[in-house]
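A short write-up of the structure that comes next.
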Number of protein chains: 2
Amino acid sequence: MVSSKDVAKHAGVSQTTVSRVLNTPELVKPKTIEKVMQAIEELNYVPNDIARSLVQKKTGIITLISGPLHNPFFVDTTTAIVNYVNARGYKVNVYFGTEDNLNSIYNAVLETKADAIILSSMLYQDDLFYKLEKLAIPFIMFNRKHKENRHFVEIDNVQAGYLATKHVLSLGHDSLCWIGGPHQMSTFYGRYLGFEQALQDYGLDAKLVPTFLTNTNKMDIERAFAELLQLEKRPTAICAATDAIAIEILNLCLERGFQVPRDFNIIGIDNVELSKHHSIALTTVGLTSEENLGFIAIEKLFEVMEKKSTCIRQTESVKIFPRNTTCKIN
Amino acid sequence: MVSSKDVAKHAGVSQTTVSRVLNTPELVKPKTIEKVMQAIEELNYVPNDIARSLVQKKTGIITLISGPLHNPFFVDTTTAIVNYVNARGYKVNVYFGTEDNLNSIYNAVLETKADAIILSSMLYQDDLFYKLEKLAIPFIMFNRKHKENRHFVEIDNVQAGYLATKHVLSLGHDSLCWIGGPHQMSTFYGRYLGFEQALQDYGLDAKLVPTFLTNTNKMDIERAFAELLQLEKRPTAICAATDAIAIEILNLCLERGFQVPRDFNIIGIDNVELSKHHSIALTTVGLTSEENLGFIAIEKLFEVMEKKSTCIRQTESVKIFPRNTTCKIN
DNA sequence: TAAAGAAATGAATACGTAACCATTTTGGTG
DNA sequence: CACCAAAATGGTTACGTATTCATTTCTTTA
């Protein structure tokens, strides 16, 4: 391992000067720069970013705790976040959280010296929030909100649930069902509230509408769908709390020989890239703006890092994207 | 920032003992451990992993240079790699390489002290290979091979191209075309060779078969497809070098009102998770084994890190997965 | 040419940990 | 009780950089 001391010796200058050549060359004589650069070349010197981090107390690392990539929402956000962070000259430590590994991820993250944290795994009531505040480094949640109501970027979940539901209701469906996730997550809870509200506006009793709250892995969704098929009165429209769920339901429908939207209407929320594929063509609700939610969040996080803001609370408006998995009831 | 020195003072022991309590508690008297642990609690001490890295010359970081996630192949491999690495207690620095940003990624990576590098962005002739060997840290390529023929895990690309092509030929298609990527990548070149070989085996002249070599972003694939549609004699079967290309071609077909497989047969290579979705149901060629290629590669990389192996050269066998985007010609 | 100020360089130190070596304490044995 | 080995602990240093402060060298001006 060749260090800046080696370079210094080789160039006949002090280590300080080597450091200056790399960081503040305007303070060093051109001839000296040349000498040092040549020594760097000859010795194949590469600065040690760990040592630099130690002394500067900046690691240049952003920690991202994402959901798993089999959820296409996280494909979009991870792409946006990683690319943005790298373009800003930072590195990204990525974790994919599931029900199983989340705690060990938190342990690892809390011991890691990152410059900031961006995450989408927080529950509405979660002690993690307070641990992160104690860490005293900037953090932001995307697609999740904590009850303390700080440091988040989300879509208007209630409105999203409302618009999705209203869409199928206005197509004439009166036999709906809801497939969502655990209500400890602000996302699912908010969307469900919107669902309820829309039913109410159409004079339907939410209590009579089948509701499946499931974990969002493949197996549990399949279980929920199996239950759905057992219902006395099969719904004609399935409102899924996320595109990920919707797309998996679509898969299960086709797998069992159903046709969509003939046998089932399906609507999602998130407007993920995959939903636009013409094989899928999922009707969904998504951001009014063209931006990706992960992008908005990471941009805001950098604002906080740069002390341009101190606390982000942002709720983005949504609209409906009608595609081919919903249609007028005959 | 509370350090182990602060803990030491607070507990009335030396910093050495604090370090020992955390790393080799079996060398410390139980009563002392207790004292120190209490001090750690009270002061809310968290070890500084940067300082540890500096002294131990191990960062606990694996660098992953992946392709972009809009390519579903990289969704699968990134998932496998990140989860494996984290389960092993390491962190992952992720980069998504494209034509544009690859050089700046390389610059960043070469200055970063990672314990190992796993990448899928290497060209067959690429100076990067030699720079990485100079770095003297373990690295492995997945899905790419360098001409030096070291440090790689790949599928049998020639065989894959061969099987895919033979499949559509055996279905009665005699009007094929090939949509692939730049031949500087071993993956594309090998698969094309297999394509040629299969044509030859069926008595067709590869030189007369339309071949589109394109960059693998959406826009360039669309351009290639537009060209394809201009051909005097439209092929009945499209052999795509990757599932990513195949799935995008499928999208373009549907977008333009074509039906698959009626108007076009489409076959891919990689057997990505998405290809199994019943909306897509892409016929493809993939690993004989159940494992993900990224998983195999990262597992091998850890073997190298643990000195159990020194150099990986692995080519995995493949088989055909017939689904719904191909059918007998009528 | 001398003096003063600016520019360029260097020496020493801090960052927070693990590791090495030295020292003290403990426990067991004759 | 004395002695010795083993267990437990502590002092010091290294890791490789940036930074602070001091010193030297150069340039300008009277």
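Every chain is numbered from 1, with letters handed out A, B, ... down the list of sequences.
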Of the listed C:dT17, C:dA12, D:dG16, the closest approach to the B:S4 side chain comes from C:dT17

note: B:K113, atom NZ; C:dT17, atom P; distance rounded to Å ~ 21 Å

Whole-Å distance, B:K9 NZ to C:dT17 C1', equals 16 Å

By nearest-heavy-atom nucleotide on DNA chain D, the more 5' of B:K29 and B:V55 is B:K29

**Study point:** Touch class at under 4.0 angstrom, heavy-atom based, for B:S3 against every strand present
**Key:** sugar-phosphate

Whole-Å distance, A:I50 CD1 to C:dA18 P, equals 14 Å

Fill in: Residue pair A:T16 / A:S19, side-chain donor-acceptor N/O under 3.5 Å
no

A:K31 NZ to C:dT9 C1', in whole Å, measures 14 Å

Residues B:T59 and B:D115: side-chain donor-acceptor under 3.5 angstrom: yes

Atom CG of A:L27 and atom P of C:dG10 are separated, to the nearest Å, by 14 Å

Review point. Any side-chain N or O of B:N23 less than 4.0 Å from the OP1 or OP2 oxygen of C:dA18?
Key: yes

Give one of base, sugar-phosphate or nothing for A:S19, where a contact means two heavy atoms less than 4.0 Å apart. base

Taking D:dT17, C:dG16, D:dG11 as options, the one with an atom nearest any side-chain atom of B:T16 is D:dG11

To the nearest angstrom, the CD-C1' distance between A:Q56 and D:dT20 comes to 14 Å

The answer to which of A:V28 and B:M1 contacts DNA chain C further toward the 5' end, by nearest nucleotide, is A:V28

Distance-only donor-acceptor test (3.5 Å): side chain A:Q15, base D:dA18
yes

Inset, instruction - Indicate whether the side chain of A:Y189 and that of A:Q184 have a donor and an acceptor atom separated by less than 3.5 Å. - result: no

In terms of side-chain heavy atoms, does A:N101 have a donor or acceptor partner in A:T98 at a distance below 3.5 Å? yes

Do B:T32 and D:dA8 have a side chain to base donor-acceptor pair shorter than 3.5 Å?
-> no

note: B:K5, atom NZ; C:dC15, atom P; distance rounded to Å ~ 7 Å

What nucleic acid atoms does B:V13 come within less than 4.0 Å of, heavy atoms only: base, sugar-phosphate, or nothing? sugar-phosphate

Nearest-nucleotide check on DNA chain D, B:K57 vs B:S14; residue mapping nearer the 5' end is B:S14

**Prompt:** Between B:Q38 and B:E42, does any side-chain donor sit less than 3.5 Å from a side-chain acceptor?
**Reply:** yes

Ranking C:dA12, D:dT17, C:dG16 by distance to the side chain of B:L54, first place goes to C:dG16

Rounded to whole Å, CZ of A:R52 lies from P of D:dT19 at a distance of 10 Å

ask   = Does a donor on one side chain and an acceptor on the other come within less than 3.5 Å for B:Y106 and B:S121?
value = yes

(message) Once hydrogens and angles are ignored, does a donor-acceptor distance under 3.5 Å link the base of C:dA8 to the side chain of A:T17?
(response) no

